[in-house]
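Structure, as structure tokens:
Chain letters run A, B, ... following the sequence lines, proteins first and then strands; every chain starts at 1.
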Number of protein chains: 2
Amino acid sequence: MTRVNELHTQWMQDLEYQAAYDKPEGGFALASALIEARASAGITQEELARRMETTQSAVARLEGGRSQPSTRTLEKIAKATGTRLKISFEPNKLLKAP
Amino acid sequence: MTRVNELHTQWMQDLEYQAAYDKPEGGFALASALIEARASAGITQEELARRMETTQSAVARLEGGRSQPSTRTLEKIAKATGTRLKISFEPNKLLKAP
DNA sequence: TGAGGTCATAGCAAAAATGTTATATAATAA
DNA sequence: TTATTATATAACATTTTTGCTATGACCTCA
């Protein structure tokens, strides 16, 4: 049992995690979505890397927001964390103020 | 006025487009999400390319599902189509059948 | 103190995405 | 028919992501 694993037990009880590449600026929202997905799976970077058939350092780079991953990579993450990848283009803010 | 533009007028009236990289297999869902986003903006591949600072052929390649775009590219598409990019890892199917 | 475990970073080579030019096809309008 | 417009494809150079091998920092626990 390790830190992330403990977080897991705690989070899985009441966490509605639906992190998204949404609000923030520089793509760091995606990074936190990755971290949450991994935490929800209760695994380490090492284990996630194993499931994605890559290395721990690659996972750290992704979570650190130091790359702009392709959908290929995002799909691997989804599979490895037991989640479903969803990418959408949603209608934007209001056009004119009332 | 061109074909897509006409589609636009038609769609914008009643289309709740929220295409997603969701159900299907080979990443073609993303492709159709792209097409819908562009159609909702009522522009041609050529115009989308101009807004993304790339070329029409690159857009065609994306919409044809012949690449796995990075979040960098997805962001460009969102900005160019006036939409908001949303990427999320959602909880998966049921674990055990009752 | 030291060992073990987790995560972050740097640097490099290989792979994939991207930008670009040049066509080709299809549909429409004149 | 011809001209024009929109989209699809191929081929290639450039850029970015990705995989990999260290290595260092930070904990916790014995």
Exercise for the section: For the residue pair A:Q56 and A:E46, confirm or rule out a side-chain donor-acceptor distance under 3.5 Å. Expected result: no
Problem - Separation of atom CD1 in A:I43 from atom P in C:dG5, rounded to whole Å - result: 17 Å
Practice task
Ignoring backbone atoms, establish whether A:R38 has a side-chain N or O less than 4.0 Å from OP1 or OP2 of C:dC7.
Solution key: yes
Practice task
Taking the side chain as every heavy atom from C-beta outward, state whether B:L30 and B:P69 have any atom pair closer than 4.5 Å.
Solution key: yes
Fill in the blank from the handout: Taken to the nearest whole Å, CD1/A:I35 to C1'/C:dA8 is 12 Å
Practice task
Calculate, to the nearest 0.5 Å, the distance between atoms CD1 and CG belonging to A:I77 and A:L34 respectively.
Solution key: 4.5 Å
Handout entry: Heavy-atom pair of closest approach, residues B:A37 and B:S40
Key = O-OG, 2.8 Å
Exercise for the section: Using a cut-off of strictly less than 4.0 Å, decide whether A:S67 has a side-chain nitrogen or oxygen near OP1 or OP2 of D:dT18. Expected result: yes
Problem - B:S70 side-chain N/O to C:dT18 phosphate OP1/OP2 under 4.0 Å - result: yes
Problem - A:R72 CZ - D:dG19 C1' separation (whole Å) - result: 13 Å
Exercise for the section: To the nearest Å, give me how far apart CD (B:E75) and P (D:dT16) are. Expected result: 17 Å
Completion exercise
Closest to the side chain of A:T73, out of D:dG19, D:dT18, D:dT7, is D:dT18
Completion exercise
To the nearest angstrom, the CD-P distance between B:Q45 and C:dA26 comes to 16 Å
So which protein nitrogen or oxygen atoms get under 3.5 Å of nucleotides 20-24 of chain D's nitrogens or oxygens?
from, atom 1, to, atom 2, distance (Å)
D:dC20, N4, A:S57, OG, 3.3
D:dT21, O4, A:S57, OG, 2.7

Handout entry: Phosphate-side-chain proximity, B:K76 and C:dG19, N/O vs OP1/OP2 below 4.0 Å
Key = yes
Problem - First encountered from the 5' end of DNA chain D, between B:A60 and A:P69 - result: B:A60
Handout entry: Atom-pair distance (CD on B:E63; C1' on C:dT18), nearest Å
Key = 16 Å
Problem - Interatomic distance, B:R66 CZ vs D:dA11 P [rounded to whole Å] - result: 12 Å
Exercise for the section: Figure out the CZ/C1' separation between B:R50 and D:dA6, and round it to whole Å. Expected result: 16 Å
Problem - From A:R38 atom CZ to A:I43 atom CD1, the distance as rounded to the nearest 0.5 Å - result: 7.0 Å
Handout entry: Steps toward side chain to side chain contact (heavy atoms under 4.5 Å, CB included) verdict (B:L48, B:T81)
Key = CA-CA 7 Å; B:L48 177 57; B:T81 56; 3.9 Å; yes
Exercise for the section: Considering non-hydrogen atoms only, spot the tightest contact between B:F89 and A:T83 and give its length. Expected result: CB-OG1, 3.5 Å
